[in-house]
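Following: one structure in structure tokens, then a few remarks.
In the text below, chain A, chain B and the rest are named by the order of the sequence lines, each starting its count at 1.
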Amino acid sequence: MERRAQQKKNPKRRAEKEAKRAGANTTEADVGLGAGNGEEGEAVEGKVAEAARAARETACYMYHVCYSRLGRYNEGLEIYIRMLNSGLLPNEYAFGSVLRSCAESGLLRTGAQLHGSIVKLGLVQNVFVDSSLITMYAKNQNFETAIGVLRRMKEGDVFSWTSLVVGFSNSGRALEALKLFSQMLEEDIRPNEYTLTSVLKACTSLEDLKEGCQIHGYAIKTGFEEDTSVRISLLRLYAEIGDVSSARSVYDRSAICDVILCTAMIGGYAQTGRMELAIEIFLQMLVEFEILPNEFTFANVIAACADVGDCRCGTCFHSFALKTGHAYIVHVEGALIDMYAKSGNLKDACKVFENMEEKEAISCSSILAGFSSNGYDQEALKFYSTLHRSSVTPDPFALASATISCAKLAHQLQGKQIHVQIIKRGHESDNCVASALIDLYSKSGSIEDAHRVFEQLVRRDRITWTSMIDGYAQHGEGRKALELFECMIEEGAQPNEVTFVSVLYACSHAGLVKEGLRYFHLMSSNYGIVPVLHHYACVVDLLGRAGQLEEALQFIKRMPLEPSPLIWKAFLGACRIHNNLDMGIYASSRLLEMEPEDDATYVLVANMYAAVGRWSDALVVRNLMKNRGVRKAPGFSWIEVGKSFHSFGAGDTIHPQIELIHKALDELNFEMKKTGYVPETVFSLHDGDEIEKEKILSYHSEKLALGFGLIATASGSPLRIFKNLRICGDCHNALKVISLIRSRTIVVRDVSRFHHFREGKCSCGDY
DNA sequence: ATAGGGTTAG
């Protein structure tokens, strides 16, 4: 019921869809448009002539009513054909209308035929007709002809110039729109509010704040700032850049508030995670301005709840939308799915999806993104496979989300199957998809395949660059990551804050201290990016790993931001590597004040005590942890063999082939010792006799996974092992030896990075 | 009686 009521409220969109569908079914050749061929040589006189003209005018008027009021472009076309058949000649208005139909329905050939008729009838050089022609060609992506029409005009006016600016801007050709705009100014044609909205939109998509501010100045000077559309475009510009306070001041200065302006403001707050302020505007709109929200308003305000994962507020808006009849509109449903998924309420997310009348690709991508970006990767893949069997075609975003889930789970095989779908559907060169694929291959251990995807891209954007840089960084190839960064700059791509996290990470994991510090400073001085906690944590890690613990500590103390747990964790990790117990204790006490529930801190400190043999202190920490009810996350490792995954916990005995695995590992241990390998029992972290410690070490989860890999795969083939925690120092040493004596390449991804073991060495250089 | 403003994702 509610759904139907809503459809009535929104006839334009439905009509547009209808027109599109019908347009697709009409063969353009069948229409056989053409005017000016009819030769009514007979001269009609008096009343008959008058009646004919009246009829023609009526036809033109009906035309207009059809297309403009209802958006029924196709029916407009039919009337046009009837008009021709009854021997009437279209005038400039009829041409304008019918060209509009062609523009909206993608009928380029028909439009071009009309263009021919217009020339025949001598209607060129009519500003009205020419503007319509420009719009028609631009909407159909034929910019060459559109530019030709404008150049041919003796006197272009605001309409014709603006039509082309709009055409560029709406087709994502923002730079060309801005260029045309400045040419327009040079030719002394004064832009109006329509031109300004379009160029502001272009600035927004380019994130060109400088140009946008100049246009803002121009709008204030000319008074066009008062126009609501211009205001909304300005608001959008500032919101997109992330400057919500400027967006708010545009909003506050507005004398007139309509639903779109309010919605845009809510959207601005939603984008920056300011749920309370978004709700404040929503209420102001409702109570103070007495404006009713529409589907966009709901989508935005629900998105604001989604951003902070506030399911309670989100649910309120859901029931509100049910009452107003906006709940079953696809974008609202998408926002609801997103909101429920982000707040971890997967059940309601799925419920909304199940109730959708039309399960569009867009909502599938919402739910998939919701799952995958919230850590529900298994669920995402399960959902994807049901999708795959249904009639819904996943769009690039859905494919990207599924790929990202595979990447996080390191399910390379399943990822490859999605890759096949991506190729089949021709989405390979989509940057969003490509960056997911790069992530997939690098996270599942095949950096070469990641690079292959990257190389094939024709147009690379900052995200694909960043993914590739991050891939090299994760694999410890710091130099390659930095080279790639320099290439990125050379090709004119703008790095963002994420890019710099990867760059700094690359430096810290490759021991490039000098370079890392240089990039850290470059980031703000050259690229205007204000470092956030993540960047500071990278620098702490950079200094700390290199053994410059004192410098790292000074750096933390000089930070303009309050050090977060992330910072202290980086520092504590460094203390552990360099066995600096005093500083480690200092860092851990900071950490335990902030996050007494985090198991990793206790474990790290206990390990540090154990490493220097202070077993009783280690025990104190372990007991403290126990008393506070904190449990250590169990470590486990897994390996992909054939089509399935085999996962192992430390000392696991569940696997059906566990006896064979133990036998293989024992043999290996024996051979390893012959090469001079000595188990580093300090990593055993339990007090006890040496034999006991050794036994525990040799059955660590990563070793069990390795043992299985060795017996289950052909000799010489590479092995890829994944671990949910950090690889232990002894296993690291052991794997080096094993890679040599078994002639295997072993790739291990632990929680923080990749290790490539080859011929007795590891890519991390033991760093 | 020609044109413009707002939604999902990484």
Side-chain angles (χ1 to χ4, degrees), chain A residues 57 60-61 63-65 67-68 91-97 99-100 103 126-136 138-139 157-167 169-170 192-201 204 224 227-237 239 258-268 270-271 294-303 306 329-338 360-370 372-373 395-401 403-404 430-436 438-439 461-464 466-467 498:
Chain A
E57 273 161 17
C60 293
Y61 178 66
Y63 209 114
H64 172 249
V65 170
Y67 98 76
S68 162
N91 60 11
E92 71 233 65
Y93 298 121
F95 273 122
S97 305
L99 282 170
R100 168 79 188 268
N126 176 311
V127 263
F128 187 94
V129 172
D130 280 340
S131 295
S132 306
L133 275 172
I134 290 169
T135 301
M136 188 277 294
K139 274 240 160 95
D157 65 345
V158 206
F159 284 112
S160 41
W161 280 84
T162 302
S163 296
L164 194 53
V165 172
V166 168
S169 164
N170 282 346
N192 62 15
E193 67 271 35
Y194 288 81
T195 331
L196 294 183
T197 48
S198 254
V199 284
L200 282 170
K201 199 174 164 187
T204 307
F224 287 125
D227 182 271
T228 313
S229 293
V230 172
R231 227 180 251 291
I232 291 161
S233 305
L234 283 166
L235 197 160
R236 281 289 320 140
L237 170 75
D258 72 356
V259 64
I260 303 182
L261 184 71
C262 295
T263 302
M265 190 66 246
I266 293 170
Q271 270 176 353
N294 65 15
E295 75 232 60
F296 293 105
T297 325
F298 275 113
N300 280 349
V301 80
I302 292 165
I329 298 172
V330 77
H331 293 302
V332 179
E333 289 170 317
L336 283 168
I337 288 169
D338 201 39
E360 290 191 8
I362 212 169
S363 23
C364 298
S365 76
S366 280
I367 204 162
L368 267 173
S372 125
S373 59
D395 68 1
F397 296 128
L399 292 165
S401 294
T403 308
I404 287 161
D430 183 305
N431 274 324
C432 168
V433 172
S435 70
I438 293 169
D439 209 32
D461 66 0
R462 80 159 58 134
I463 293 160
T464 37
T466 302
S467 301
V498 185

Could you tell me how far apart [X] ([atom1]) and [N] ([atom2]) are, to the nearest whole angstrom?
X        : N      : atom1 : atom2 : result
A:Asn126 : B:dA1  : CG    : P     : 16 Å
A:Ile260 : B:dG5  : CD1   : C1'   : 6 Å
A:Phe224 : B:dA3  : CZ    : C1'   : 13 Å
A:Phe298 : B:dG6  : CZ    : P     : 20 Å
A:Leu99  : B:dA3  : CG    : C1'   : 14 Å
A:Asp395 : B:dG10 : CG    : C1'   : 13 Å
A:Glu193 : B:dA3  : CD    : C1'   : 10 Å
A:Arg236 : B:dG4  : CZ    : C1'   : 15 Å

Is there, by distance only and without an angle test, a donor paired with an acceptor across the side chain of [X] and the base of [N] below 3.5 Å?
X        : N      : result
A:Asp258 : B:dG5  : yes
A:Asp227 : B:dG4  : yes
A:Asn431 : B:dG10 : no

Examine distances only and state if a side-chain atom of A:Ser435 and a backbone atom of A:Cys432 form a donor-acceptor pair shorter than 3.5 Å.
yes

Tell me if a side-chain donor or acceptor on A:Asn300 pairs with a main-chain N or O of A:Ala303 at a distance below 3.5 Å.
no

Taking all atoms of both residues into account, what is the closest heavy-atom pair of A:Gly167 and A:Ala138, and its distance?
CA-CB, 3.8 Å

Search all heavy atoms of A:Ala264 against all heavy atoms of A:Ile232 and return the closest pair with its distance.
CB-CG2, 4.2 Å

Remember a base hit wins even if backbone is also touched, and classify [X] as base, sugar-phosphate or nothing at under 4.0 Å, heavy atoms.
X        : value
A:Ala400 : nothing
A:Ser131 : base
A:Arg231 : nothing
A:Ser132 : nothing
A:Ser160 : nothing

Reckon [X] has a side-chain N or O less than 4.0 Å from the OP1 or OP2 of [N]?
X        : N     : value
A:Asn170 : B:dG5 : yes
A:Arg100 : B:dA1 : no
A:Lys201 : B:dG5 : yes

Given [options], which nucleotide is nearest the side-chain atoms of [X]?
X        : options              : value
A:Tyr93  : B:dG10, B:dA3, B:dA1 : B:dA1
A:Ser365 : B:dG5, B:dA3, B:dT8  : B:dT8
A:Ile232 : B:dG4, B:dG6, B:dA1  : B:dG6
A:Thr228 : B:dG5, B:dG10, B:dG6 : B:dG5
A:Asn294 : B:dG6, B:dG10, B:dA3 : B:dG6
A:Ile404 : B:dT8, B:dG10, B:dA3 : B:dG10

Set of ring pair (Phe, Tyr, Trp, His ring centres under 6.0 Å) partners for A:Phe128, sequence neighbours left out:
A:Tyr93

For A:Lys139, salt bridge (charged side-chain N to carboxylate O under 4.0 Å, His left out) partners two or more places apart
A:Glu104

